[in-house]
Trainee: 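Let me give you the structure first, and then I'll get to my questions.
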Amino acid sequence: MASHRPVRVRFAPSPTGMLHLGGARTALFNWAFARREGGTFLLRVEDTDTERNSEESLRSILDCLRWLGLDWDEGPEAGGDVGPYFQSERGEFYAQSIARGVEEGWLYRCFATAEDLEQQREHARAAKKNWRFDPTSRGLSQEDSDARAAAGDSFVLRFRVPDHEEIGIDDHIRGRVVFQSEEVEDWVAVRSDGNPTYNFVCALDDAAMSISHVIRGEEHLVNTPKQILVYRALGEPEPSYAHVPLILGQDGKKLSKRTGDTALGDYIAKGYLPQAMFNFLGLLGFSIDDATDVFTPEELIAAFDLKRINKSGAIFDQDRLHWICGEYLRSMSVRDLAQAVLPHLQQAGFLNCAMDSAKTAWLEQLVAAFQPRLTLLSELPAQAAAFFGEVPTPEGKAAKALAAEQAPVLLSAVADALEGANDWPPQDVMAIAKPIAEAQGVGLGKLMQPMRVALTGSLGGPELKDILALLGREQSLARLRSAVPKVS
RNA sequence: GGCCCCAUCGUCUAGUCUGGCCUAGGACACCAGGUUUUCAUCCUGGCAACAGGGGUUCAAAUCCCCUUGGGGUCACCA
């Protein structure tokens, strides 16, 4: 099959909703393959469903692809020599192909109504019999057909599927897959309103755009024979195929909204990093080798090979995505991380002010203190709330630590000691704390615990020294002092 | 149900095409230790899989067949 043509691959989204994770991964694989082969990656918008299309969907899909770092060589906003790249603008081209199909006889009029056929299907279902379109309209004479059309009877154009023909593909992922033409019904290629259907225009456009490799989801595998037949009718070279396995939900079925978020946009909103998402998607159904699970786009490209894509479906593993995100987040520079996390803080109502250099420096200090504790950008506002407002009311063990018998004495002692310190934060908090604990005859922990709770409301969190620095002298002392009367 | 696809730890996977190096490797999650004033990070260790049955072969996770299980698809949606 056409393996020596220049590599041209496409991602063909339908702008009827948000970009699905499966679609995002398909796009990623197409992109990686094109980049690996030095080929062309193009975007074609399949907006033939005028009912469900929306401008907003298209924009969001393009934004999502860009967010992932996938750039396209031809398509919307990029142009190209084989456009238009919107199917809604290719009507003239389709009309020519339709005329040709009718003339050459591989498209024929069928006057059966959708309702009739639906009724037949119903009957078959009730009788538990397998239903397939009965191509009796094929027998309609040209005169009768013309006459009924002239009389204004509504009709669709069906594709005349040949008898006893073997339709096989050598799928890059699955190997040889063969269909018998008897299994393929005379499908509708042009609707009664004159608009062509997906299987028809998809093949038409792939041929016209010289697509060399069709890399798409496995759910399209059964569409392939229909599309191959179009190539054969057209006398165009067939592309080669790679049917990528599905992304499965926790239930083992095709990922759907029932089992969690399915749109890439949902994960963007949750604060996942684009590098992490790219990495994770590239690891679903593909692997570089037996040990590499964190990699750059360049490394993915260098190793990319359609034959290395798995055959079986992969369950979307949130834990793994979460982990990868943490890996990237921890490897980021404090500066970049501060920038990335700022929108999430502002969304939570923090830092909604002009960011002068002092504020930025403080934010970077905060981010540095929390970096080892974060896996998602969106986690910071909740974790660091104590640094933006009141001390959250301690709960559970934290409340207990603050209510300990010696806590008031220890806290006021430590507040006094800190107040006397020359620098802020004190160079060695431990050196200040130790004697106080000893004087009270308790372990260091007995002092540190209530101190943390008094300052942040929590037993966990950054190092004490960082907490004092972030809070500042005044605020730190105030919190240590005000915690005392609360418990006494 | 017809047609098509698939089958290694709970999960993502390496190994399968080109049988022996596999007493099946890595990672996530989980569990247990260690480092750390806390939490987290980090380090060490542990748990855990070739769906079943037949072949072929000196040798099978790897090749063949059957069974079972799972999935996809059966629109004038894409």
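In the text below, chain A, chain B and the rest are named by the order of the sequence lines, each starting its count at 1.
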Trainee: Is a salt bridge present between A:Asp186 and A:Arg158, judged by a nitrogen-to-oxygen distance below 4.0 Å?
Mentor: no
Trainee: Mark yes or no for a side-chain to base donor-acceptor pair under 3.5 Å between A:Arg320 and B:A27, with no hydrogen or angle criteria applied.
Mentor: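 Yes, a donor-acceptor pair under 3.5 Å.
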Trainee: Using Watson-Crick or G-U wobble geometry with both distances below 3.5 Å, tell me the partner of B:C50, or none.
Mentor: none
Trainee: For the pair made of CH2 in A:Trp131 and P in B:U73, what is the distance, rounded to whole Å?
Mentor: 19 Å
Trainee: Could you tell me how far B:A14 sits from B:G55 if I compare only their P atoms? Round to whole Å.
Mentor: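 Those two atoms are separated by 31 Å.
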Trainee: Could you tell me the separation between the CD atom of A:Gln449 and the P atom of B:C39, rounded to a whole number of Å?
Mentor: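 From A:Gln449 CD to B:C39 P: 9 Å.
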Trainee: Within 45° of the ring axis of A:Trp106 and under 6.0 Å from its six-membered ring centre, is that where the NZ or CZ of A:Arg160 lies?
Mentor: no
Trainee: Rounded off to whole Å, could you give me the CD-to-C1' distance for the A:Gln318 and B:G10 pair?
Mentor: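 So the CD-C1' distance, A:Gln318 to B:G10, works out to 15 Å.
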Trainee: Say you pick atom C1' in B:G25 and the same atom in B:C64; how far apart are they, in whole Å?
Mentor: 28 Å
Trainee: So if I take every side-chain heavy atom of A:Glu218 and compare against B:G71, B:U73, B:C39, which nucleotide ends up nearest?
Mentor: B:G71
Trainee: Is it the case that B:U38 (base atoms only) and A:Arg452 (side chain only) share a donor and an acceptor within less than 3.5 Å, ignoring hydrogens and angles?
Mentor: yes
Trainee: I want to know whether A:Phe304 and A:Phe286 have ring centres closer than 6.0 Å.
Mentor: yes
Trainee: Between A:Tyr328 and A:Asn279, do the side chains contain an N or O donor and an N or O acceptor separated by less than 3.5 Å?
Mentor: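 Present: a donor and an acceptor within the cut-off.
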Trainee: When the C1' atoms of B:C58 and B:C43 are compared, how many Å lie between them, rounded to an integer?
Mentor: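 Roughly 46 Å separates the two C1' atoms.
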Trainee: May I have the distance from A:Ile288 (atom CD1) to B:G25 (atom C1'), rounded to whole angstrom?
Mentor: 17 Å
Trainee: Using whole Å, what does the distance between atom C1' of nucleotide B:A78 and atom CH2 of A:Trp187 come to?
Mentor: 13 Å
Trainee: What integer number of Å spans the P atoms of B:G53 and B:C6?
Mentor: 23 Å
Trainee: OP1 or OP2 of B:G71 versus the side-chain N and O atoms of A:Lys254: is any pair under 4.0 Å?
Mentor: no
Trainee: To the nearest angstrom, how far is A:Leu376 atom CG from B:A40 atom P?
Mentor: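 The answer, rounded to whole Å, is 17 Å.
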Trainee: Nearest to the side chain of A:Glu183 - B:C3, B:A7, B:U13?
Mentor: B:C3
Trainee: For nucleotides B:U13 and B:A29, find the distance between their C1' atoms and express it as a whole number of Å.
Mentor: 14 Å
Trainee: Given B:C76, B:G72, B:G15, which nucleotide is nearest the side-chain atoms of A:Arg308?
Mentor: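 Out of B:C76, B:G72, B:G15, the nucleotide with an atom closest to A:Arg308's side chain is B:G15.
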Trainee: Are any of A:Arg330's side-chain N or O atoms less than 4.0 Å away from OP1 or OP2 of B:C42?
Mentor: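 Yes, A:Arg330 has a side-chain N/O under 4.0 Å of OP1/OP2 on B:C42.
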Trainee: With a 4.0 Å cut-off on N to O distance, would you call A:Asp206 and A:Arg44 a salt bridge?
Mentor: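 Counted as a salt bridge, because a side-chain N and a carboxylate O are separated by less than 4.0 Å.
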Trainee: Could you tell me the separation between the CG atom of A:Leu455 and the C1' atom of B:U37, rounded to a whole number of Å?
Mentor: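 Nearest whole value for this atom pair: 13 Å.
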Trainee: On a plain distance test, is the side chain of A:Arg174 in donor-acceptor contact with the base of B:C5 below 3.5 Å?
Mentor: no
Trainee: Which one is paired to B:G2, where only Watson-Crick or G-U wobble pairs with both distances under 3.5 angstrom count?
Mentor: B:U73
Trainee: Distance between the P atoms of B:A61 and B:A51, in whole angstroms?
Mentor: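 Each nucleotide's P atom is 10 Å from the other's.
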Trainee: Starting at atom CG of A:Asp289, determine the distance to atom C1' of B:C12, rounded to an integer number of angstrom.
Mentor: 14 Å
Trainee: For atom P, what is the distance between B:A48 and B:U56, given to the nearest Å?
Mentor: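 Nearest-Å result for B:A48 against B:U56 at atom P: 34 Å.
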Trainee: Consider only side-chain N and O atoms of A:Glu46 and A:Gln87, and report whether a donor and an acceptor are under 3.5 Å apart.
Mentor: yes
Trainee: Counting distance alone, no hydrogens or angles: does the base of B:C76 have a donor or acceptor under 3.5 Å from a partner atom on the side chain of A:Ser192?
Mentor: yes
Trainee: Write down the distance separating the C1' atoms in B:C63 and B:G1, rounded off to the nearest Å.
Mentor: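 Taking atom C1' in both B:C63 and B:G1, they lie 32 Å apart.
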